[in-house]
Peer 1: 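Please read through the structure below; I'll follow up with questions.
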Amino acid sequence: MDEIEYDFRRLEEKWAPVWEAERPFDVDDSVDDRPHKYILDMFPYPSGDLHMGHAEVYALGDVLARYWRLRGCRVLHPIGWDSFGLPAENAAIKRGVNPRDWTYDNIAQQRSSMKRYAASFDWSRVLHTSDPEYYKWNQWLFLEMFKKGLAYRKDSWVNWDPVDQTVLANEQVLPDGTSERSGAMVVKKKLTQWYFRITDYADRLLNDLDRLEATWPAKVLTMQRNWIGRSRGAEVVFTVEGSTREIPVFTTRPDTLFGATFMVVAPDSDLASELAASAEPAVRAAFAEYLTDVQKKTEIERQDATRPKTGVFLGVNAINPLNGESVPVWTADYVLADYGSGAIMAVPAHDQRDLDFARKYDLPVRIVVDVASDEPNDPAASRVPLTGDGPHINSGPLDGLNKADAIAKAIEILEEAGTGKGATTYRLRDWLISRQRYWGTPIPIIHGEDGELIPVPADQLPVVLPPTEGLDLRPKGSSPLGAAEDWVNVPDPRDGSPARRDPDTMDTFVDSSWYFLRFLSPNDDTQAFDPERVKAWAPVDQYVGGVEHAILHLLYARFITKVLFDLGHIDFDEPFEALLNQGMVILDGSKMSKSKGNIVFFGEELDKFGVDAVRLTMAFAGPPEDDIDWADVSVTGSHKFLARAWRIADDVTSAVGADPSTGSAALRRVTHKLLADIGGLVESYKFNVVVARAMDLVNHVRKEIDSGAGAADAAVREAAEVLALVLSMFAPHTAEDMWELLGHEKFVGLQTLPVADESLLVEDSITAIVQINGKVKERLEVATDITEAELLERATALVASALEGKTIRTTIVRAPKLVNIVLAD
RNA sequence: GCCCCAAUAGCCCAACCGGCAGAGGCAGACGACUUAAAAUCGUCACAGUCAGGGUUCGAAUCCCUGUUGGGGCACCA
């Protein structure tokens with residue numbers, strides 16, 4: 001008797017070298033008419049070794065990649081590294097090593113862990129965003145955008161991280177006002193920086209989310225919609241009294257123009273300074289003092305909506321273009337300089353913030369919408385503004401109209417008079433992409449002595465980072481590259497006169513916003529991506545990654561895709577057809593962290609239970625989007641199941657090709673039911689259910705072998721083969737070995753899943769239930785094609801005693817499953 | 001404060017269109033094998049679906065209210 005037992009170490013050592021040598025999952029550029037599927041897992045950042053979060057995402061992504069291969073598709077499943085970024089640089093500074101060495105050492109470690117984990121990646125097309133061969137095309141992309149005016153410089157208030165000593169994009173500042181990277185409280189600084197004009201794409205980025213409704217998580221769609229934050233309304237131009245100076249305001253409620261009793265300008269806006277400058281000295285002093293106060297406030301203080309309103313009168317009045325009324329102009333920090341025009345008309349009767357301010361400074365409150373209510377409607381007394389709908393009053397031409405009609409009418413009047421127009425604004429701001437740090441893609445711009453911005457000529461790309469030798473990488477508020485004299489001083493491409501390179505590097509989110517295209521032709525040194533390959537593979541059919549990128553990375557990738565579409569480089573404008581966000585791996589109800597000491601180590605889990613058991617556990621723990629509490633799952637249980645499955649393949653004694661129709665029909669039904677259901681289950685991400693069904697099949701086969709048809713039955717072989725195929729998605733070593741035990745040639749992962757035989761699924765009898773008043777009373781075996789009349793007759797006969805003396809009010813018959821007899825009371 | 005999602009056995013989770021609450025696993029009890037243990041194999045038990053109301057012949061499933069947990073947004077005019 002064969003004494004070999006299931007031993008995950010033996011299987012890993014047996015199969016890893018075979019896959020490494022034969023590369024079954026590499027995809028070449030040959031033409032192939034199978035359907036193509038591009039399955040992409042978010043590529044990792046190389047900080048240390050892989051952790052349990054990686055273990056989850058790469059297990060689940062691989063289930064999908066391997067599933068589509070079993071379905072006969074040609075699958076592209078690449079991997080690479082998002083290897084530029086601050087952590088590398090900070091770690092390098094701390095340890096005195098080169099950020100490049102630190103990064104590539106970590107990549108080497110992660111790469112070997114990833115290979116051990118046996119995800120079916122195409123290892124022939126690995127890319128690292130920190131390779132000049134990659135970032136050359138990042139620079140190309142930047143210049144494409146620069147030429148179209150989509151990359152530009154402006155002087156503005158920016159988010160400054162005082163720890164990392166660099167600017168941050170709005171998306172990198174957390175709601176509490178801290179930096180998502182360093183955790184430091186972000187401060188505002190006025191600096192000239194590079195931006196991408198993402199706001200030009202706000203409408204499309206918002207509207208196109210509708211197309212992703214069925215295939216992206218609702219949560220991500222909501223977050224993106226909130227982030228873009230479109231508001232429709234009107235721009236209304238007020239004029240400063242006794243001057244020609246104009247104050248444009250944005251409002252969503254132009255219908256309440258007659259209720260505007262004052263105006264508010266953001267204190268940190270240019271407009272406020274200008275207005276104050278021409279005011280009398282007392283006002284100037286008061287403004288200066290207020291501005292200083294405001295700028296001392298942290299973001300978190302400023303954003304606290306419950307904070308009492310403060311402000312200063314600017315000493316001027318402005319004329320309401322609709323009714324000619326003169327209203328005072330104030331400045332207050334509840335108005336933001338960088339939203340709308342940085343100024344508002346205040347309608348205290350119908351807006352909470354304006355009402356709070358009016359009450360504080362005793363400004364008039366005028367009701368212009370007659371909101372129906374039983375309570376007395378007096379916002380000035382109740383402190384509650386009237387935000388409902390109703391006929392307008394005190395509003396001249398708008399009187400009697402409801403909200404929607406009054407808004408339309410107000411815009412019409414403004415447009416006719418040339419004092420305003422319908423307008424839309426967004427919460428989304430332009431994407432600030434320059435960073436004052438070393439380890440990133442150099443911005444390929446040369447600053448001429450005359451201040452001109454000159455693109456680095458295409459034949460001089462890439463602009464390669466200078467060596468770190470002699471550079472001080474410590475954060476100091478300006479890019480370390482500026483000190484690399486040999487690098488930064490270059491001849492002006494126009495005439496050879498002295499010029500300087502732009503010393504900043506790009507936000508690493510630029511790198512990751514198009515990497516999915518580079519995977520299609522990673523070694524092409526003539527272009528960023530090959531249009532033929534793009535046509536064959538893109539867009540990505542299935543993207544898999546963490547919800548932490550719900551806004552940042554996904555919004556940027558969508559934006560860049562639309563830019564590339566507009567520039568004619570690609571013919572689609574959404575990068576990711578479907579998105580799966582996996583949850584986190586946690587421990588004992590909380591996030592794993594070094595400081596809490598509650599960490600499960602990736603390598604240790606693999607050592608203890610084996611790669612296959614860990615991967616299977618990731619899939620089996622629950623719905624993929626839920627968090628997995630490692631304390632709640634049993635990797636041992638997974639291991640036991642795999643051993644049980646493997647032994648079945650070992651037990652099979654029938655020959656390859658044995659005709660299953662001669663075998664156990666009951667077992668065949670279970671096997672084929674799984675085959676029939678597996679597609680729907682995997683495609684709706686119910687991997688845990690697939691595993692449960694595979695366990696069920698194992699239980700049935702075991703029973704059949706031990707106390708049924710026996711190991712030689714052909715249906716047992718059929719079930720074992722299906723098991724090997726299904727398990728290849730979760731447990732590649734075990735499945736490959738089972739496939740071999742069953743007498744087949746490698747590779748199980750390149751096989752096609754058999755189609756379910758429908759005729760085996762048809763049951764000829766079923767258990768019908770008999771209810772009285774909706775309560776189950778009896779069960780009976782009936783033919784599946786029983787008629788309603790016959791079913792009712794048999795059911796009635798069965799419960800005859802219970803019906804005695806009762807009046808039947810009605811009967812519900814759902815043949816062949818159910819009869820419900822409803823009695824009159 | 002506003003919006004969204006969830007709640008099923010001791011635990012993790014299933015349940016197609018409203019039709020017998022249970023597919024699977026963990027933990028548990030018992031048995032077989034064993035000198036014994038582990039491994040293995042087998043058997044068993046356990047909830048009426050967060051609470052309350054409604055619709056329906058019939059509700060875990062649909063509707064309303066609330067509780068708890070999670071997430072998002074939050075001075076964006």
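Below, read A as the first sequence line, B as the second, and so on, with proteins coming before strands; counting in each chain starts at 1. Both backbone and side-chain heavy atoms feed into the values below; hydrogens, waters and symmetry mates do not.
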Peer 1: Applying salt bridge (Lys or Arg N to Asp or Glu O under 4.0 Å), which residue pairs with at least one partner in residues 773-784 of chain A are found, sequence neighbours left out?
Peer 2: none
Peer 1: Indicate, with a heavy-atom threshold strictly under 4.0 Å, whether A:Gln771 touches base, sugar-phosphate, or nothing.
Peer 2: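 Result for A:Gln771 = base.
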Peer 1: Show me the pairs that pass side chain to side chain donor-acceptor pair (under 3.5 Å) and involve residues 248-258 of chain A, at least two apart or across chains.
Peer 2: A:Arg253-A:Asp255, A:Asp255-A:His392
Peer 1: Which salt bridge (Lys or Arg N to Asp or Glu O under 4.0 Å) pairs, counting each pair once, include a residue from residues 680-707 of chain A, with sequence neighbours left out?
Peer 2: A:Asp651-A:Arg702, A:Asp677-A:Arg693, A:Arg702-A:Asp706
Peer 1: Does A:Asp210 come within less than 4.0 Å of A:Arg225, counting only side-chain N to carboxylate O?
Peer 2: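 A:Arg225 and A:Asp210: salt-bridged.
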Peer 1: Write out a two-atom table: protein N or O, nucleotide N or O from nucleotides 42-46 of chain B, distance below 3.5 Å.
Peer 2:
unit_1, atom_1, unit_2, atom_2, d
B:rG42, OP2, A:Arg644, NH1, 3.4

Peer 1: For B:rU67, which nucleotide in any strand shown is its Watson-Crick or wobble partner with both distances under 3.5 Å?
Peer 2: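 Pairing partner: B:rA7.
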Peer 1: For A:Thr252, which contact category applies under a 4.0 Å heavy-atom criterion: base, sugar-phosphate, or nothing?
Peer 2: sugar-phosphate
Peer 1: Starting from P on B:rA77, measure out to CG on A:Leu336 and report it in whole angstrom.
Peer 2: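 Distance check: A:Leu336 CG to B:rA77 P gives 10 Å.
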Peer 1: What contact category does A:Asp696 fall into here, base, sugar-phosphate, or nothing, at under 4.0 angstrom with non-hydrogen atoms?
Peer 2: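 Touches sugar-phosphate only.
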Peer 1: At under 4.0 Å, does any side-chain N or O of A:Ser231 touch on OP1 or OP2 of B:rA77?
Peer 2: yes
Peer 1: Could you tell me whether A:Ser707 contacts a base, only the sugar-phosphate backbone, or nothing, with contacts defined as non-hydrogen atoms closer than 4.0 Å?
Peer 2: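 If one applies the 4.0 Å heavy-atom cut-off, A:Ser707 turns out to touch nothing in the nucleic acid.
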Peer 1: One character per nucleotide, please: for nucleotides 1-18 of chain B, 5' to 3', B when the base has a protein heavy atom closer than 4.0 Å, S when only the sugar-phosphate does, - otherwise.
Peer 2: ----------SSSSSB--
Peer 1: Give one of base, sugar-phosphate or nothing for A:Lys775, where a contact means two heavy atoms less than 4.0 Å apart.
Peer 2: nothing
Peer 1: By ring pair (Phe, Tyr, Trp, His ring centres under 6.0 Å), which residues pair with A:Phe357, not counting sequence neighbours?
Peer 2: A:Phe262, A:Trp330, A:Tyr334, A:Tyr361
